[in-house]
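Worth saying up front: this structure is predicted, and the values here are computed from it rather than measured. In each ligand, atom 1 is the first atom listed, and ligand 1 is the first ligand listed. We use all heavy atoms of the structure for the numbers below, so side chains are in, but hydrogens, waters and symmetry mates are not.
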Amino acid sequence: ACQHRLWPEIESVVKQQVAWARTGIGECGQGWQLFAEDGEMRMYRREEEVDGMAVDPLKAVHTVPGITGHEVCHYFFGPQYRYDWETTLEQMTVLETVSDDTLVFLQTHKRIWPASQRDVLFWSHMRKLPNENDRDGPDLWTVVNNSTTHLDYPPNVGKCVRIYLKVCLLCQTRVDPPKDGAPLTRDNISCKITYCSVVNPGGWAPASVLRAVYKREYPKFLKRFTAYVVNQTKNKPIMF
Ligand SMILES: CCCCCc1ccc(-c2ccc(S(=O)(=O)CCO)cc2)cc1CCc1ccccn1
């Protein structure tokens, strides 16, 4: 995989996206609006437009008990699970298996009236990161999705408008060992999740429609996805 044409871009985008995900909301400076809250989940966005199109950066933070960062990234990255949790997915194809931690996807999402249907072509890379703050703490895990090209699937040929996205899911496991030295159970672990995304909708879509879609779909996606991971892992050994 180190010789693959995508490797240099993957290296630089992963470093950039992880640094961005690690930057707290306060440190990011002004402009972040809290637009959704549900229990431990907080979702922020910044209203930005490019060529009159809303391309609002989104940053969500969530803490989920009972699961690890490795498990969250495993179920987010794996194509075999995606139809179970991705609410707006209509069609998903793995165009290329670059390596066991890097895939190229083509996805079409359900049409959202009145905009035209969208598709997205992206590489997806999963990686374990050393825990710089706490050397003997659990590692961080991340999945970065970044739009890319593929000769056989040029944009905007069929009915779908191609969107362009950068997504980073950064996960930090927290272990609170039981007092009496008993073996670790899922009651002693939790995962701090940071989800960042910037989506360019490609062809024109009314900013009001886009913002309504994101306001409705993103909280639903993160809640449904994390509930799916809890449900898939509850009777399985902990995957650190
Ligand atoms: C008028 C609609 C314009 C665009 C709608 C849109 C844009 C982006 C995406 C999307 C695509 C992939 C990702 S991912 O995090 O990589 C996970 C893998 O699937 C994330 C969001 C989807 C959708 C369709 C609507 C929508 C908006 C949020 C969330 C879910 N659905």
Charged N to carboxylate O under 4.0 angstrom, D56 versus R46?
no

Distance under 4.0 Å to a non-hydrogen atom of A115: what atoms of ligand 1 satisfy this?
1 (C)

Give me the nearest non-hydrogen protein atom to atom 2 (C) of ligand 1 as residue plus atom name, then the distance to 0.1 Å.
L210 CD2, 4.1 Å

Close approach of Y195 to ligand 1, heavy atoms, under 4.0 angstrom
yes

Nearest neighbour in protein (non-hydrogen) for atom 16 (O) of ligand 1
N145 ND2, 2.9 Å

I want to check a possible cation-pi pair here: R82 against F105, using under 6.0 Å from ring centre and within 45° of the ring axis as the test.
yes

Check whether W20 forms a cation-pi arrangement with K166 (NZ or CZ under 6.0 Å from the six-membered ring centre, at most 45° off the ring normal).
no

Could you tell me whether R42 and E37 have a side-chain N and a carboxylate O separated by less than 4.0 Å?
yes

Give me the nearest non-hydrogen protein atom to atom 30 (C) of ligand 1 as residue plus atom name, then the distance to 0.1 Å.
T88 OG1, 3.7 Å

Looking at E40 and K192, is any side-chain nitrogen of the basic one under 4.0 Å from a carboxylate oxygen of the acidic one?
no

Please write down residue, atom name and distance for the protein heavy atom closest to atom 7 (C) of ligand 1.
I163 CD1, 3.4 Å

Taking heavy atoms and a distance under 4.0 Å, where does A205 meet ligand 1: side chain, backbone, both or neither?
neither

Per-residue contact class, K110 against ligand 1 - non-hydrogen pairs under 4.0 Å
neither

Tell me, please, whether W85 has R224 positioned over its six-membered ring: NZ or CZ under 6.0 Å from the ring centre and within 45 degrees of its axis?
no

Of all the atoms in ligand 1, which lie at a distance below 4.0 Å from a heavy atom belonging to L165?
11 (C), 12 (C)

Relative to atom 28 (C) of ligand 1, which among M53, E217, E86 owns the nearest non-hydrogen atom?
E217

Pick one of side chain, backbone, both or neither for how T87 approaches ligand 1, counting any non-hydrogen atom pair under 4.0 Å.
neither

Check ligand 1 against I112 and write out every atom of the ligand that is under 4.0 Å from a heavy-atom position of the residue.
25 (C)

Check: T93 side chain, L95 main-chain N or O, donor-acceptor pair, under 3.5 Å
no

Under the side chain to side chain donor-acceptor pair (under 3.5 Å) criterion, do E9 and N146 qualify, and how do the steps go?
CA-CA 10 Å; E9 180 186 302; N146 188 43; 3.1 Å; yes

Taking E86 first and then K110, would you say they form a salt bridge - that is, a charged N and a carboxylate O separated by under 4.0 Å?
no

is_close_aromatic(F225, F76), centroid dist under 6.0 Å:
yes

Closest protein heavy atom (residue, atom, distance) for atom 21 (C) of ligand 1:
Y218 OH, 3.7 Å

Can you report which non-hydrogen protein atom sits closest to atom 5 (C) of ligand 1, along with the distance?
Y214 CE2, 4.4 Å

Out of curiosity, is V209 lining ligand 1, as in a heavy atom under 4.0 Å away?
no

